Amino acid sequence: MTAESANFGSEVERNVRMLISKLEEIGQINETLQEDKKRLEKQLQKAHAELVELQGKYDNLQLAQANIHLSKGDTKAAKRKMTEIIKQIDDCIAALSSE
């Protein structure tokens with residue numbers, strides 16, 4: 001074996017080791033990113049559940065306000081409020097349907 005071919009062989013071996021090292025590094029980065037993705041998905045689900053809960057509370061508050069208008073005899077304001085609520089519900093249904 002000549003010095004040139006031995007040199008070439010050691011260079012190839014060094015490059016292969018470097019590639020293996022980079023592959024392991026990328027694997028660790030990928031694992032970290034997968035964990036981050038799972039954590040963020042859980043946060044998103046939690047935030048979405050909280051949003052749904054708050055939307056329900058808001059809707060209940062609006063219905064209560066419409067009932068107050070009715071109990072005071074203000075039917076025009078109650079009808080207006082109910083129309084707003086129905087429009088918001090329709091918007092929510094459309095948004096959920098598009099997901």
Side-chain angles (χ1 to χ4, degrees):
M1 180 185 286
T2 66
E4 189 176 299
S5 64
N7 204 13
F8 177 74
S10 71
E11 186 177 334
V12 168
E13 186 178 332
R14 187 170 24 100
N15 286 341
V16 167
R17 285 189 180 142
M18 185 177 64
L19 286 173
I20 291 171
S21 174
K22 291 291 183 183
L23 180 63
E24 289 171 351
E25 183 181 333
I26 289 171
Q28 290 172 349
I29 292 170
N30 187 32
E31 189 175 310
T32 301
L33 289 173
Q34 291 294 332
E35 290 170 1
D36 288 348
K37 179 184 172 216
K38 287 179 185 178
R39 181 181 48 81
L40 291 171
E41 284 174 342
K42 285 181 184 179
Q43 285 179 350
L44 179 61
Q45 288 174 349
K46 184 178 178 181
H48 185 273
E50 186 177 340
L51 175 65
V52 169
E53 179 184 348
L54 290 173
Q55 184 66 43
K57 287 180 180 180
Y58 178 73
D59 291 343
N60 288 339
L61 183 62
Q62 285 189 319
L63 286 172
Q65 189 178 12
N67 285 334
I68 289 171
H69 288 297
L70 277 176
S71 66
K72 290 182 178 179
D74 190 359
T75 56
K76 286 183 183 181
K79 285 180 183 179
R80 229 183 358 256
K81 198 64 166 168
M82 293 301 274
T83 302
E84 287 176 26
I85 293 169
I86 291 169
K87 183 183 180 317
Q88 288 177 356
I89 290 171
D90 287 342
D91 291 345
C92 289
I93 290 170
L96 288 172
S97 296
S98 68
E99 289 180 7

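Keep in mind it's a predicted model, so treat the numbers as computed, not measured.
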If the condition is side-chain hydrogen bond (donor to acceptor under 3.5 Å, both in side chains), which residues does Arg14 pass it with, not counting sequence neighbours?
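For Arg14 there are no side-chain hydrogen bond (donor to acceptor under 3.5 Å, both in side chains) partners, ignoring immediate neighbours.
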The criterion is salt bridge (charged side-chain N to carboxylate O under 4.0 Å, His left out); which residues satisfy it with [X], sequence neighbours excluded?
X     : result
Lys38 : none
Glu31 : none
Asp36 : Arg39
Lys42 : none

Which side chain to side chain donor-acceptor pair (under 3.5 Å) pairs, counting each pair once, include a residue from residues 50-62, with sequence neighbours left out?
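Qualifying pairs: Glu53-Lys57, Gln55-Asp59, Tyr58-Gln62.
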Other members of the hydrophobic cluster containing Ile29, with the 4.5 Å side-chain heavy-atom rule, please.
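Members other than Ile29 - counting any ILVMFWY side chain reachable under 4.5 Å - are Leu33.
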With sequence neighbours excluded, tell me which residues meet side chain to side chain contact (heavy atoms under 4.5 Å, CB included) with [X].
X     : value
Asn30 : Gln34
Leu61 : none
Asp91 : Lys87

When rounded to the nearest 0.5 angstrom, what distance separates CD in Glu11 from CE in Met18?
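Atom-to-atom, Glu11:CD and Met18:CE are 9.5 Å apart.
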Side-chain polar contacts of residues 19-26 - donor-acceptor pairs under 3.5 angstrom, sequence neighbours left out - could you list them?
none

